[in-house]
Protein chains: 2
Amino acid sequence: MSEHVEGPIGVVPALVRSAFLVNSVYVNSAREYGLTQQQGQLLCVLMAQPYGMGELGAVLGLAKSSLTGLVDRSERNGLVQRQDDPQDSRAVRVALTRRGAKLAEEFYAETCRRVEVLATGLAPGERDTLAALLGRVVTDNKVPTVFL
Amino acid sequence: MSEHVEGPIGVVPALVRSAFLVNSVYVNSAREYGLTQQQGQLLCVLMAQPYGMGELGAVLGLAKSSLTGLVDRSERNGLVQRQDDPQDSRAVRVALTRRGAKLAEEFYAETCRRVEVLATGLAPGERDTLAALLGRVVTDNKVPTVFL
DNA sequence: CCCCGGTAGTTCGTTCTGCGAATTTGTTAC
DNA sequence: GTAACAAATTCGCAGAACGAACTACCGGGG
């Protein structure tokens, strides 16, 4: 058959494959906390502060109508709550409930732990290099802060 | 308010955020070819060779029952076809149709282009370093080859 | 004061995703 | 040849995501 020499992997496949890897870790971690990936993301974003639906849509990259459902389900599960915006009675602020905040902390910590494990094959200096390079990639491309 | 010193980003958030970034590029690219992310992944995997449903489930990380639907929809769209396995009449080999192969090539190329753009802020040597480090992460963690 | 354009969210209908449990069909090992 | 196992599919269900249409409300003229 073919030779499978592989050689050095290109930066594109490296990025794509690591993305799938990290994603699957994220999904599995969420699952064990009774969350879907999207619910986990929502909780992580809300850990920083409450947001309006519009802002959430921008941060998570979702249409308004998609968000309504996600927040509905999370609210039904007692993880977030809609609060009236005192300035604007059309608007809504979505905030973590006490239970949601607790779960978010736990999920976040566990997910960090698992992602960290992925990089244990690298020496500490290599990890720093990787972090610096990837950090530039994400800042160069203005990724909304969905984590940390 | 808070200081926002940021400092060097950690390897964990760097991995997570780059994963979301790459993922959104992938999703958008797929969308423009009339594909969902999952359909795009299926096509990319099948570019290498036909697979049985079981193998596909392992590679894509899906339950068998999830795969049936994905292949059904892709088949309905004329992108893949089920072929009888000559060795085992229970089994099925899923292969790209001519149209599916063409679309897969185009989608794959365009996605590569877009992911490459993400790293244009890095010098060539830095890209190589990034590729090497990420490459080790993915091989250390035995990611199924979903790309390339 | 009222109306009007824009904004914040929700509702509705649809498609796709993903799972587990149960089922069908076929293989293989004994 | 039958019993155990394996490959797919079917079914029912819940979540995710979208666009279009809608409601409610904020502003700023006139």
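Letters go in sequence order (proteins before strands), and every chain restarts at 1.
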Report yes if a side-chain nitrogen or oxygen of B/Arg82 is closer than 4.0 Å to either non-bridging phosphate oxygen (OP1 or OP2) of D/dA8; otherwise report no.
-> no

Name the residue closer to the 5' end of DNA chain C, choosing between A/Arg90 and A/Leu67 according to the nucleotide with the nearest heavy atom.
-> A/Arg90

OP1 or OP2 of C/dT15 sitting under 4.0 Å from any side-chain N/O of B/Thr36?
-> no

B/Ala63 side chain, from C-beta outward: closest of C/dT17, D/dT9, C/dC19 = C/dC19

C/dG20 base to B/Ser65 side chain: any donor-acceptor pair below 3.5 Å?
-> yes

5' precedence on DNA chain D between B/Thr68 and A/Gly61 (nearest-nucleotide basis) = B/Thr68

Atom CG of A/Asn28 with >12 non-hydrogen neighbours under 6.0 angstrom | yes

A/Gln87 CD - C/dA8 P separation (whole Å) = 14 Å

Nearest-neighbour nucleotide for the B/Arg31 side chain, D/dC18, D/dA16, C/dG26 considered = D/dC18

Report yes or no: does B/Asn141 contribute a side-chain atom to a donor-acceptor pair with the main-chain N or O of B/Val143 at less than 3.5 Å?
-> no

Main-chain N/O of B/Leu133 paired to A/Glu126 side chain as donor or acceptor, under 3.5 Å = no

Side-chain contact check for A/Arg73: nearest option of C/dG26, D/dG15, D/dT9 is D/dG15

Under 4.0 Å between a side-chain N/O of A/Gln37 and OP1 or OP2 of C/dT17, yes or no?
-> no

Could you tell me the separation between the CG atom of A/Asn77 and the P atom of D/dA16, rounded to a whole number of Å?
-> 10 Å

Looking at the side chain of B/Ser66, which of D/dC25, C/dA8, C/dG18 is the nearest nucleotide?
-> C/dG18

Rounded to whole Å, the CG-C1' distance (B/Leu35 to D/dA17) equals 16 Å

Just wondering, are more than 12 heavy atoms of other shown residues or ligands nearer than 6.0 Å to CG in A/Asp88?
-> yes

Rounded interatomic separation in angstrom, taking CG from A/Asp84 and P from D/dA24 = 15 Å

Taking D/dC26, D/dA16, C/dT10 as options, the one with an atom nearest any side-chain atom of A/Ser89 is D/dC26

Over how many whole Å does the gap from B/Asp88 atom CG to C/dT27 atom P extend?
-> 5 Å

At under 4.0 Å between heavy atoms, what does A/Gly69 touch on the DNA or RNA strands: base, sugar-phosphate, or nothing?
-> nothing

With respect to the phosphate group of D/dA17, does any side-chain polar atom (N or O) of A/Gln38 fall under 4.0 Å of OP1 or OP2?
-> yes

Examine distances only and state if a side-chain atom of B/Arg127 and a backbone atom of B/Leu122 form a donor-acceptor pair shorter than 3.5 Å.
-> yes

Using atom CE of B/Met53 as one end and atom C1' of D/dT10 as the other, report the distance to the nearest whole Å.
-> 12 Å

Give a yes or no on whether the backbone of A/Asn77 and the side-chain of A/Arg99 come within a donor-acceptor separation of less than 3.5 Å.
-> yes

Separation of A/Lys64 atom NZ from D/dG19 atom C1', in whole Å?
-> 10 Å

Taking atom P of C/dA8 as reference, at what distance in whole Å does atom CZ of A/Arg93 sit?
-> 16 Å

Given C/dT11, D/dG15, C/dC16, the nucleotide with the shortest approach to the side chain of A/Asp72 = C/dT11

